[in-house]
Amino acid sequence: MDLSNRTVLIVGGTSGIGRELARRFAAAGSTVAVGGRSPEALTELAEEGFGTFGIDVTDGASVASARDAVLARYPELDTVVTMSGVMLLEDLRDPAHFEVAETTIDTNLVGTIRVIDAFTPHLVRRGAGTFITVTSGIAFLPFPPMPTYAASKAAVHAYSEALRAQLEGTGVGVVELVPPAVATAGQEKVNPHALPLDDFATEVMQLLSEDPTPHEILVKGVHMHRWAERDGTYDELVAQRSQALAMLPSRRPR
């Protein structure tokens, strides 16, 4: 992927990984627009020179409106990164968790599908372009306190594979970004092993610029998750990660 001459939209790019990738694409020479829900963050990004668009991926009308606005301003759009997501704890012994599950699926999975559906006709008409979906190491090695998050990211992985197969021959590629725990959005407070954001973004941009671009962008820190089943470490690692169930309020000592 030539990072110096792209026109990129990052949906969910108002903070964390998305915001850093927006800056990295821009620094490489690409034109970058960012979509998200936070008016304050969008204002800050506009002041940095990014195109900004309000979008709520859980609302089909909002996605369609944002698409129309983006394509009116950037008719040459060739890269769509869809990374809006929520990462929430769930206690499956508590029926109240279902609301969290619905929110997670609607944002992480259905939101991804809404964005892809909105921009597929444009990219196919162009005959060239790239979707970048964002999953997680947790898609391949579940983190038991966040069951629906893991399920949603595993589903986005499967969807990305199917999308790539269906778009074959159109000139539109599908790249899946698979982050490990990255030191952003509070991860650095709860996970001392979280990868520094700067290191993560540097490795991601290096991998994206490879020729050919890999179907999966796997920084070194996520290989343990991605290949756990292949390497025979899956059961042991899930058991280790299950110790984190103590994070759930119902499991804490009284």
Side-chain angles (χ1 to χ4, degrees), residues 11-19 35-38 41 55-63 81-117 133-163 176-195 221-222 224-226 228-229 233-254:
V11 179
T14 54
S15 63
I17 292 172
R19 191 166 184 156
R37 293 191 301 177
S38 168
I55 182 170
D56 179 353
V57 302
T58 68
D59 182 339
S62 173
V63 172
V81 184
T82 174
M83 62 184 308
S84 299
V86 295
M87 189 175 187
L88 303 171
L89 295 170
E90 284 176 89
D91 186 345
L92 301 186
R93 300 179 185 181
D94 181 354
H97 90 90
F98 190 77
E99 184 176 345
V100 170
E102 284 188 307
T103 297
T104 302
I105 294 293
D106 194 30
T107 305
N108 297 5
L109 174 59
V110 183
T112 294
I113 296 171
R114 288 188 183 103
V115 172
I116 290 170
D117 280 359
T133 60
V134 180
T135 58
S136 169
I138 293 175
F140 304 95
L141 184 68
F143 185 57
M146 298 178 176
T148 305
Y149 177 80
S152 70
K153 291 300 187 177
V156 173
H157 166 69
Y159 197 87
S160 300
E161 295 275 302
L163 179 66
E176 178 184 347
L177 173 59
V178 189
V182 177
T184 184
Q187 282 287 320
E188 64 279 9
K189 298 176 183 177
V190 298
N191 186 349
H193 304 294
L195 187 64
V222 83
M224 175 189 75
H225 305 75
R226 179 65 179 94
E229 287 195 84
T233 58
Y234 184 90
D235 290 344
E236 178 186 353
L237 289 171
V238 170
Q240 289 178 12
R241 293 158 74 85
S242 295
Q243 295 174 19
L245 288 168
M247 297 168 59
L248 300 177
S250 67
R251 307 291 182 94
R252 293 172 187 161
R254 288 182 170 82

Asker: Could you pull out all residues at least two apart from His97 that satisfy ring-ring contact (aromatic ring centres under 6.0 Å, His included)?
Answerer: none
Asker: If we only count heavy atoms from C-beta on, is the Val134 to Pro179 side-chain gap below 4.5 Å?
Answerer: yes
Asker: For Ala228 and Leu237, which heavy atoms make the closest approach, and how far apart are they?
Answerer: CB-CD1, 4.2 Å
Asker: Might you point out which heavy atoms bring Ser160 and Glu176 nearest each other, and give the distance in Å?
Answerer: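 So the two residues come closest at CB-OE1, 4.3 Å.
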Asker: Quick one: closest heavy-atom pair of Leu89 and Leu248, and the distance?
Answerer: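 That would be CB-CD2, 4.2 Å.
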Asker: How long is the span from the CG atom in Leu245 to the CE atom in Met146, to the nearest 0.5 Å?
Answerer: 11.0 Å
Asker: Return the minimal non-hydrogen interatomic distance between Ala41 and Arg19, and the atom names on each side.
Answerer: CB-NH1, 4.1 Å
Asker: How long is the gap from CD on Glu229 to CG on Asp235, to the nearest 0.5 Å?
Answerer: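 So the CD of Glu229 and the CG of Asp235 are separated by 8.5 Å.
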Asker: Supply the atom-to-atom distance Arg37 CZ to Ser62 OG, rounded to the nearest 0.5 angstrom.
Answerer: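 If we round to the nearest 0.5 Å, Arg37:CZ and Ser62:OG are 9.5 Å apart.
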Asker: Just so I know, are the side chains of Val57 and Thr112 near enough to count as touching, which here means a heavy-atom distance under 4.5 Å?
Answerer: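 No; the side chains remain at least 4.5 Å from each other.
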Asker: So which atom in Ala183 and which in Ala194 form the shortest heavy-atom distance, rounded to 0.1 Å?
Answerer: N-CB, 3.7 Å
Asker: Quick one: list whatever passes side-chain contact (heavy atoms from CB on, under 4.5 Å) with Arg241, sequence neighbours left out.
Answerer: Ile138, Leu141, Phe143, Pro144, His225
Asker: Is any side-chain heavy atom of Lys153 closer than 4.5 Å to one of Asn108?
Answerer: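 Asn108 vs Lys153: side chains touch.
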Asker: According to side chain to side chain donor-acceptor pair (under 3.5 Å), who are the partners of Gln243, at least two apart in sequence or on a separate chain?
Answerer: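 Residues passing side chain to side chain donor-acceptor pair (under 3.5 Å) with Gln243: none at all.
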Asker: Quick one: OG1 on Thr58 to CD on Glu102, what's the gap to the nearest 0.5 Å?
Answerer: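 Result: 12.0 Å between the selected atoms.
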Asker: When rounded to the nearest 0.5 angstrom, what is the spacing between CG in Asp106 and CD1 in Ile113?
Answerer: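 Nearest 0.5 Å value for the CG-CD1 distance: 10.0 Å.
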Asker: Below 4.0 angstrom, N of the basic side chain to O of the carboxylate: do Asp56 and Arg114 qualify?
Answerer: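 A salt bridge is absent here (no side-chain N lies under 4.0 Å from a carboxylate O).
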Asker: For residues Thr104 and Ser152, is any side-chain donor paired with an opposing acceptor at under 3.5 Å?
Answerer: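 Their side chains do not contain a donor-acceptor pair, so the 3.5 Å distance test is not met.
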Asker: Side chain to side chain contact (heavy atoms under 4.5 Å, CB included) with Val115: which of Thr133, Thr82, Val110?
Answerer: Thr82
Asker: Please report the shortest heavy-atom distance between Thr14 and Gly35, naming the atom on each side.
Answerer: CG2-O, 4.2 Å
Asker: Decide yes or no for Glu90 and Leu92: does some side-chain heavy atom of the first lie under 4.5 Å from some side-chain heavy atom of the second?
Answerer: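 Answer yes - side chains close enough.
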